[in-house]
Amino acid sequence: MGIVLRGAIPLRTHLRPLYLSSRLRCTLASFPSPTSTQSKEVCNSKENDDFLQWLRQKSGTEISSVLSVGSSVFGRSLFASKPIEAGDCILKIPFSAHISVDNLPLEMMPLIPNEIDSQSLVAVALLAEQNLGQKSDWAPYVNCLPGLGEMHNSIFWSKEELEMIRPSFVYSETIEWRKQFEKDFLALKTAMENFPDLFGNVQLENFLHARALVSSRAWEIIKGVAMIPFADFLNHDGSSNSVLAINVKEQRDEVIADRSYAVGDEVFIRYGKFSNATLLLDFGFTLPVNCYDEVRILMDVTSDDPLYAQKCQLLHEHSLPTKLNSNTLKKKQRSFLIKQVRTSKGKVKGIPLALRAFARVLSATSVIELEEMAKEAAQSDGRLARSPLKNRQREMQAHLILFQHLDRMIQGHLAALKGLQNMNVPDSSEAFSTRRKMAKDLLGGELRVLHSAHSWLAAYCKDMSST
C-alpha cells in the first residue's frame with residue numbers, strides 16, 4: 001500500500017476510537033475528483049512564510065525543496081514549486097516536529113483514565129498549545145489549522161442536517177461518536193482543571209474541535225498518533241499510490257512521489273482506501289464518485305421467529321453476528337459491510353460469505369435444517385452455512401431475504417435523495433449547502449453499492465428458481 005522506501009513503514013491504518021476506523025486530513029467538504037491541474041491561489045503568503053521558517057527552525061533541516069503552500073478548492077494545499085519525477089522523495093519531516101502525547105506534562109498522565117485513546121490525548125495536547133496562543137512554540141502551526149466553522153465532520157452537523165443522512169449507518173455512528181467524545185471530555189476535564197495555566201477554561205466545544213482536528217489530520221506513528229505539520233497540507237487522491245511513511249533509520253517521515261508533477265500542479269497522496277462514510281466521519285469531506293464506498297447491513301433474528309432461541313444459539317456457537325448474553329438468549333444486533341459487487345471466475349465479491357450464511361440460518365423453518373447446518377459445519381472447516389443449501393428452494397428463500405432487505409434500504413435511500421433534491425437551501429447558508437452536497441455524495445455512493453448487490457441477488461434467485 002503506497003510507496004515505502006529505505007526501511008520505511010506505512011504511517012496509517014484504519015484507526016477509530018469506537019469503531020476502529022482511520023484518520024487523515026482534509027477539512028473542506030464535498031469536492032470534485034482531484035486532478036494534477038487544480039488552480040493555485042496564494043493564501044496569506046506572510047502566514048505561510050512564517051510557518052515554513054518556523055518549521056525549518058523546529059526541524060533543524062530543510063523539509064522540502066520542491067513543494068510550496070498554496071490554496072485550492074480543497075483549502076490549504078501543497079503544490080510543486082519545481083518539476084517532480086516519480087520516485088523523488090518530496091517531503092522529509094523529522095520526528096521532532098510531531099505534536100503527540102509526549103507534549104503533555106508527565107505529571108498529568110496519572111490523572112487520565114486508561115480508557116482514553118491516544119487521539120483524545122493528542123487533542124488535549126493541542127488544546128494546551130491553542131490556549132497558550134502566540135506564546136506557544138507551535139503557534140505558527142496552530143494558527144494554520146482550520147477553525148470550527150470550517151470543519152464539516154458529521155459530529156458538527158445539526159439535528160436537521162443529520163436527518164439528511166438518516167438512511168445511512170453514518171447517522172447512528174455520528175450520534176455514538178458524539179456521545180463517546182462527550183464522555184471522554186468529562187473524564188479529561190478533571191485532569192485539565194489541575195493545570196489551569198496550561199489549559200484555561202476548556203469547554204466541550206473546544207474539545208470537540210480539537211478532537212476533530214486530530215481525527216482529520218493526525219497520523220498513526222510508532223507510539224500512537226501525532227500531528228505532523230506541513231504533511232497534513234497534502235490532500236487526498238484515492239488513485240494515488242503515495243503515502244506518508246516512517247523512515248525509522250533516519251528518524252523521519254517522508255513522502256515518495258508516485259507520479260510526475262509539473263510546476264504549479266497540486267501534489268496528492270492517498271489517505272487510504274476509504275469510503276465516503278469514513279471520509280465524512282473522520283475527515284469532513286466526501287467524493288462525488290468513490291470506488292471504495294460500502295454499506296453497513298444490520299440484520300436480526302426476529303423475536304417472533306418460532307425458532308428464535310435455536311437460531312440465536314446456533315449463531316452464537318459458530319461466532320456469526322448474533323451474540324448471546326451469558327444468562328439469557330437476548331441477542332445483540334451486529335452488522336455486515338457490503339461493497340460494490342463484482343464477479344470473477346464464478347465467485348462473487350462484495351457480499352460477505354458471512355452475510356449469506358446468516359441469511360441461510362434465517363431461512364430455516366425446522367430444527368432439522370439447523371441441525372443439518374451444524375453437522376455440515378462440523379464435517380468441514382467449522383464455518384456455518386458457507387456452502388449453498390442442498391434444497392434449492394430454501395437457498396433461493398435465503399437470498400430473497402437479503403434481496404428484500406436491500407430493496408427496503410434502496411427505497412429509503414431513494415426517498416432521502418429525492419428529499420435532498422427538492423430541499424430549499426437559503427443562499428446565505430453556505431455550510432448547509434456544502435453538507436447537503438456531502439449527503440448526496442454519501443447516499444448516492446451507498447445507493448450504487450446497494451443496487452449492485454440487489455441486481456446480483458435478483459439474478460441469483462432467478463437462477464435458483466429456473467433450476
Side-chain angles (χ1 to χ4, degrees), residues 1-2 4 7-26 55 58-59 91-130 136-138 141-142 145 153 155 177 180-181 183-192 195 198-199 202 206-232 234 243-255 269 271-272 274 278 281-283:
M1 174 176 160
V4 183
I9 59 178
L11 255 178
R12 283 192 185 265
T13 60
H14 214 46
L15 173 66
R16 190 157 68 195
L18 291 177
Y19 306 96
L20 298 178
S21 192
S22 103
R23 305 265 177 255
L24 246 154
R25 134 87 175 107
C26 202
L55 187 56
K58 190 79 175 173
S59 306
L91 187 68
K92 302 174 184 177
I93 302 179
F95 294 170
S96 59
H98 291 178
I99 294 182
S100 68
V101 176
D102 293 340
N103 290 65
L104 290 173
L106 289 176
E107 57 270 27
M108 185 180 182
M109 299 309 293
L111 305 176
I112 297 176
N114 292 331
E115 62 269 20
I116 301 299
D117 70 5
S118 58
Q119 295 186 51
S120 289
L121 292 178
V122 175
V124 172
L126 180 59
L127 284 168
E129 303 303 334
Q130 289 175 328
S136 168
D137 290 342
W138 298 86
Y141 172 60
V142 173
L145 298 176
N153 308 59
I155 63 165
W177 271 41
Q180 182 62 43
F181 293 162
K183 182 180 177 182
D184 289 349
F185 171 68
L186 292 175
L188 289 163
K189 191 173 188 224
T190 302
M192 289 188 284
F195 301 87
L198 187 59
F199 294 101
V202 178
N206 306 130
F207 175 75
L208 291 177
H209 179 212
R211 186 62 175 73
L213 285 171
V214 173
S215 73
S216 62
R217 307 180 79 87
W219 308 72
E220 186 177 6
I221 59 173
I222 295 173
K223 299 190 297 180
V225 298
M227 298 186 75
I228 305 176
F230 198 68
D232 61 3
L234 286 162
V243 296
L244 187 65
I246 300 173
N247 188 322
V248 178
K249 181 179 179 181
E250 302 293 336
Q251 291 288 288
R252 71 187 184 207
D253 313 307
E254 58 188 36
V255 174
I269 61 173
Y271 296 171
F274 300 145
T278 295
L281 280 161
D282 289 353
F283 310 117

Could you measure the distance from the OG atom of Ser136 to the CD1 atom of Ile99? Nearest 0.5 Å is fine.
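Going from the OG atom of Ser136 to the CD1 atom of Ile99 covers 7.0 Å.
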Point-to-point distance, once rounded to the nearest 0.5 Å, from CD1 of Ile228 to CZ of Arg252
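Reported to 0.5 Å precision, the distance equals 13.5 Å.
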Can you list everything that forms a side-chain hydrogen bond (donor to acceptor under 3.5 Å, both in side chains) with Gln130? Sequence neighbours excluded, please.
none
Could you check if a side-chain atom of Met227 sits within less than 4.5 angstrom of a side-chain atom of Tyr141, using non-hydrogen atoms only?
yes
Taking C-beta and beyond as the side chain, do Phe207 and Lys189 meet within less than 4.5 Å on heavy atoms?
no
Nearest heavy-atom approach of Ala226 to Ile221 is CB-CD1, 3.6 Å
Taking atom CG of Leu213 and atom CG of Leu126, what is their separation to the nearest 0.5 Å?
6.0 Å
Which distance, rounded to the nearest 0.5 Å, do you find between the CZ of Arg211 and the CG of Leu121?
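CG of Leu121 is found 9.5 Å from CZ of Arg211.
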Any non-hydrogen side-chain atom of Lys58 less than 4.5 Å from a side-chain atom of Trp138?
yes
From CG (Leu111) to CG (Leu104), nearest 0.5 Å
11.0 Å
Any chance you could measure Leu208, atom CG, to Trp177, atom CH2, to the nearest 0.5 Å?
12.0 Å
What are the two closest heavy atoms between Ser118 and Val101, and how far apart are they?
O-CG2, 4.3 Å
Check Ile155 against Ala212 and note the closest heavy-atom contact, atom names and distance.
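What the structure gives for the nearest pair is CD1-CB, 4.4 Å.
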If we only count heavy atoms from C-beta on, is the Val124 to Ile112 side-chain gap below 4.5 Å?
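Counting from C-beta outward, Val124 and Ile112 never come under 4.5 Å.
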I need the minimum non-hydrogen distance between Ser100 and Ala125, along with the two atoms involved.
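It is O-CB, 3.8 Å.
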Val243 versus Ile269: any side-chain heavy-atom pair under 4.5 Å?
no
When every non-hydrogen atom of His98 is compared with those of Asn103, the smallest separation belongs to O-OD1, 3.7 Å
Testing the basics here: between Ser120 and Ile116, what is the closest heavy-atom pair and its distance to 0.1 Å?
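Of all heavy-atom pairs spanning Ser120 and Ile116, the closest is CB-CG2, 3.6 Å.
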Side chain to side chain, Asn153 and Leu281, heavy atoms closer than 4.5 Å
no
Within the 4.5 Å heavy-atom criterion, are Trp219 and Asp253 side-chain neighbours or not?
no
Beyond-backbone contact of Leu188 with Phe199, side-chain heavy atoms, under 4.5 angstrom:
no
